[in-house]
Amino acid sequence: MNTLLAQPLRIGSFTVPNRLMQAAHSKQYSDRVESARETAYYVRRAEGGCGLFVAGNHFVHPSGSIRGFEDAWRPESVAANIAMTSAIHDAGARVLVQLNHHGAQAAPQGPAGPRPVYAPSRMISPSTGVATRELSHGDIRELVAAWARSAELAREGGFDGVEIHLAHGYLGHQFLSPLYNARTDAYGGDLEGRTRFPREVLAAVRAAVGDDYTVGIRICLNEHHEGEPGRGLSAADLREVVARLRAETRIDFIDTAAGGYHDVHWVFPSSAMPVAWLREDVAALKQANPDIPVFGVGSAWAVEEAEEVLASGIADMVALTRGQLADPDLAHKLLTGRTETVRHCIRLNQGCLGRGSVGLPVTCTVNPDAGRELDRLPEPGPAQRWTVVGGGPAGMHAAIRLAQDGHPVTLLEAAPVLGGQLRRAVRVPGRDSVGLLLSDLERDVARASVDVRLGVPADVATIAATTPQRVLLATGAVAPTGDTRTTLAFGSGFAEPAPASIDAWTAMDAAQAASGPELGPQELGPRVLVVDDDGTAYASGVLLSLVGAGLDVHVATPYETLLPHVGTGYERQVVLRTLAAGTFTRTVGVRVRSTPDGLRLVDQLTGEEREVGQVDTVVALTPRQAVRVAGLDAEGLSDALGVPVTAVGDALSPRNLDAAIHEAHWVATGRTLPSRES
C-alpha cells in the first residue's frame, strides 16, 4: 500500500483524506450553473478514491461568461453548488472551486450577444484574433469586487475553498505577464505594478470569506515563451511573484501550471510533450515554499510513480487529472497497490480537450463512459456467441467488454499479433504513449477468456465455422487499392495517370510510410514527396515518421495551411516545431500534376506551375477505405452468414481512434450507434 499517498493533508480550513487530486479541467457538462452530469462525474471519481477536486473555470463577471461553463457571480448558482458539493462530500472527497476571468481569451460572443473583450492592455488575442479593450481603473475595481462576491457565493455553495486562477494566459496571468501587460500606470511596468491586480483580488477575496476559509492560487510556473526567449516570465520570475503575493495575503495552497495561449502546448500538453513537463519547476517552487501545500501538476513520470513525487519532496498533492478521466478508479488502485489493473491515459487529447475545444462535452478516447456517468446501460440480455473480426483497438475493446458481460467471444485476426494500427502509431515520434493502450488491451484480452485466433484471415467460411449468433466487423481501413506505381491520387482528391517516369520512383501508401523511424535513405531514397490531402493527425504521424527517419521531406497540400485539422488536441505547435527541426519543406495551396516529364506543383489560386524537383519516393495521403471481408460490407456479410453483422470504427467509415473504441463500446454494451439514433 502507498503510505504517503494515503496520508491526509491539512489545506487551510479543511483536511483532505489522501494526496491524490484532479486539477481543474473544463468539461462542457454544465451551462451557467452546475449540473447533475457534472456532479455524477465527480462523485464517480470520489467513489474511486480521489481525495480532492478543483471545479474549474467558474467565471466571476458577466464580461467573461462563456456558454458551457459555470458562472460564479450568479446568486442562483448557490443551490446548484450545494447539490454538487454535498454529493462530493457524501462520497468522501473535498472540492475547491476555481474563480476565473478569461480576459483576452474570452469569447467576443457571450451568451447574451456581442461584447468587448477586456485585457490589461490593447492587444490581439492569441486565441480569438480579436482586438481587446484595455481595462480602466473603474473596470479593475469592478472585477476585484466581482472576485470577492463570487468567493462569498462559493462559500455559501459549500465549496471547501476557492482557487484564484493566475495561469494559462487568463486575466490574472495577463496582468502578471509582459506578454500581455504593457501598461504604464500603477498596474503595469515592473513586477510591483504587474502584481498589483492579483494582490488586490487576493486581499478582497480574503476579506470577503474570512480567515477561517481556504484561499489559494493556481499560478503559472514558467511561461516557456519559445517564440521570443527572454521576453516571457521565467520560473525564477514567477517564484518571486508568489513571494510578493504571499507577503500581503495569507495563501493556503499553490496549484501549478505552465505556459499560456502563446505556447498552448504547455497548457494542455499532449503525447508529444514530456510526461513530467512541470516536475523541475514544481520542485523548485516547493523548495521555496516549504510551509504551504503545493499541488504537483505534471510532476509524475507515470501514474504508478505518484508516490515517488511525495517521497522526493516535489509536491504535497499529486494531480492526476486526465489519468482519472481515463480510469475513475485510478486513485483507489494506487492507494491499494493494484497498479496492474490501471487503464492508462494516452495523452492524445482527442476525446477530452479535442472535443472541449469545439464546444462538445468532454469524454475520453480509452474510456467511452467518461462524462456519461448518468447514462443507464441496457440490461444485459442472454449470452450470445459473438465473433469479432479484426484485432485492432475496436475489435479488442469489443471482445473484452462482451466477454466481461458473459458472452462467448471468438476474435479473428489475420496478423500474427493483435494491435492493428496501434502498432504503427506507437512508432511515430512523440506518440509512444499509444503503447500504454496497446498493453492495456492485450492484458485485458488475456484476462477476459476471449478465444483469440491469430494469423487467421477472415472469409465467410472461416467466420461461419465459429457458429456466431452475432458478428462485429472491426477490420479497419487501408490505403486505396490498385497499382500505386501507375495511378496516384494527387491533390484535392483527383486521381491522374502517373507518367512513365514514375517507375523511377518508389510510390507507397501512408501506412507503409508510417512504418517507423527505421525507414531511411536505403529503403526510400533520401528525398520524399508527401502529397497530403488529409491534413489530420494521421497525416502528421506520417510526416513525423519520415522526418524522424532523417529523410529530406517535402509536403505538398491543397490546403492553405499545413495540417489544418491538427489543433483541437493542442499539439499543433509542437508538431510543426518538430518537423521544422528536420529536413523539411512545405508548399501549401497546390495540387500535384503529373506530366510526361515528371511531377509539377500547380498553385490553386493562380494556376502557376513549377517543377517539384528530384524525388525518390512519393507518398500519397489520400482517403483510406474500409477493409471488407470477401468484398462484402456489413449488410452483405450479414446476408451471407444469416446472422446480424455490425461494422464499427474504420470498418464502418475510416476516422480516428476515438471512433473505433467508442463505437465498439456502444455495440458491446447493447446500445445504438450514434449515427443510427433518431
Side-chain angles (χ1 to χ4, degrees), residues 1-9 11 16-25 45 48-54 93 167 218-222 224 235 253-259 265-287 289 293-349 352-353 364 366-367 430-437 439-440:
M1 182 173 178
N2 289 303
T3 55
L4 295 177
L5 288 174
Q7 289 182 356
L9 176 68
I11 304 174
V16 289
N18 60 56
R19 305 296 183 98
L20 289 164
M21 66 175 289
Q22 263 199 318
H25 53 299
R45 282 147 187 83
C50 185
L52 177 66
F53 301 97
V54 184
R218 187 163 202 190
I219 189 78
C220 175
L221 298 187
N222 194 328
H224 291 289
F253 67 86
I254 307 173
D255 198 357
T256 55
H265 54 282
W266 284 98
V267 178
F268 310 114
S270 70
S271 58
M273 292 289 287
V275 175
W277 72 97
L278 262 181
R279 183 182 176 93
E280 292 183 5
D281 289 334
V282 172
L285 179 75
K286 179 59 189 173
Q287 186 175 13
N289 296 271
V294 170
F295 301 167
V297 173
S299 55
W301 296 116
V303 292
E304 291 87 351
E305 296 184 26
E307 177 95 353
E308 185 271 340
V309 173
L310 303 178
S312 299
I314 292 170
D316 303 285
M317 294 283 294
V318 184
L320 300 175
T321 302
R322 286 175 292 179
Q324 292 183 85
L325 187 66
D327 189 340
D329 294 312
L330 175 60
H332 182 66
K333 291 175 180 179
L334 294 177
L335 291 167
T336 58
R338 293 171 47 236
T339 56
E340 75 283 354
T341 64
V342 167
R343 176 171 50 202
H344 292 86
C345 167
I346 58 175
R347 304 174 69 233
L348 293 184
N349 285 353
C352 52
L353 291 158
C364 176
V366 303
N367 177 19
R431 295 190 186 155
D432 55 315
S433 61
V434 173
L436 293 169
L437 173 59
S439 297
D440 288 351

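All residue numbers in this chain count up from 1 along the given sequence.
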Is the shortest heavy-atom distance from the side chain of Leu320 to the side chain of Leu20 under 4.5 Å? yes
Close side-chain approach of Leu5 and Asn18, heavy atoms under 4.5 Å: no
Using only atom types and a distance under 3.5 Å, with no angle test, would you say the side chain of Asp316 pairs donor to acceptor with the backbone of Phe295? no
Could you pull out the closest heavy-atom pair between Cys50 and Ala331, with the gap in Å? N-CB, 3.4 Å
Heavy-atom check, side chain of Val282 versus side chain of Val297, under 4.5 Å: no
Evaluate the side-chain proximity of Leu436 to Val434: yes if any heavy-atom separation is below 4.5 Å, no if none is. no
To the nearest 0.5 Å, tell me how far Glu305 CD sits from Leu334 CG. 11.0 Å
Would you give the length of the straight line joining atom SG of Cys345 to atom CD of Gln324, rounded to the nearest 0.5 angstrom? 11.5 Å
Is it true that a side-chain atom of Ser271 and a backbone atom of Gly430 form a donor plus acceptor pair closer than 3.5 Å? yes
With a 4.5 Å heavy-atom cut-off, do Pro328 and Arg343 have their side chains touching? yes
Spell out, as yes or no, whether a donor-acceptor pair under 3.5 Å connects the side chain of Thr256 to the backbone of Gly296. no
Rounded distance (nearest 0.5 Å) linking atom CD1 of Ile346 with atom OG of Ser433: 6.0 Å
Considering all heavy atoms, the nearest Val318-Ala306 contact: CG2-O, 3.5 Å
Minimum heavy-atom separation for Gly313 to Lys286, with atom names? O-CG, 3.5 Å
Quick one: closest heavy-atom pair of Val342 and Glu304, and the distance? CB-OE2, 4.5 Å
Would you indicate whether the side-chain heavy atoms of Met317 and Phe253 approach each other to under 4.5 Å? no
Between Leu52 and Arg19, does a side chain to side chain contact (heavy atoms under 4.5 Å, CB included) hold up when you go through it step by step? CA-CA 8 Å; Leu52 177 66; Arg19 305 296 183 98; over 6 Å; no
Shortest non-hydrogen pair, Gly49 vs Leu335, comes out as O-CD1, 4.0 Å
Determine, stepwise, if the pair Glu308 / Arg279 fulfils salt bridge (charged side-chain N to carboxylate O under 4.0 Å, His left out). CA-CA 12 Å; Glu308 185 271 340; Arg279 183 182 176 93; 2.6 Å; yes
Would you say the side chain of Glu340 lies within less than 4.5 Å of the side chain of Lys333, judging by non-hydrogen atoms? no
Minimum-distance pair of heavy atoms, taken over all atoms of Glu307 and Leu4: OE2-N, 3.0 Å
Heavy-atom side-chain proximity of Pro293 to Leu9 below 4.5 angstrom: yes
Judged by atom type as modelled, is there a donor-acceptor pair below 3.5 Å linking the side chain of Gln22 to the main-chain atoms of Ala319? no
Step by step, work out the side chain to side chain contact (heavy atoms under 4.5 Å, CB included) result for Val366 and Asp440. CA-CA 10 Å; Val366 303; Asp440 288 351; over 6 Å; no
Partners meeting ring-ring contact (aromatic ring centres under 6.0 Å, His included) with His344 (sequence neighbours left out): none
Carefully, step by step, assess Ser270 and His265 under the rule side chain to side chain contact (heavy atoms under 4.5 Å, CB included). CA-CA 7 Å; Ser270 70; His265 54 282; 6.0 Å; no
Salt bridge Arg45-Asp329, side-chain N to carboxylate O under 4.0 Å: no
Nearest-0.5 Å distance that lies between atom CE in Met273 and atom CZ in Phe268: 12.5 Å
Sub-3.5 Å donor-acceptor pair from the side chain of Ser312 to the main-chain atoms of Val309, do we have one? no
List the steps, then state whether side chain to side chain contact (heavy atoms under 4.5 Å, CB included) holds for Ser299 with Leu278. CA-CA 6 Å; Ser299 55; Leu278 262 181; 5.8 Å; no
Do the side chain of His332 and the main chain of Leu330 share a donor and acceptor less than 3.5 angstrom apart? no
Of the options Val294, Asn222, Ile314, which is the one that meets Leu285 in a side-chain contact (heavy atoms from CB on, under 4.5 Å)? Val294
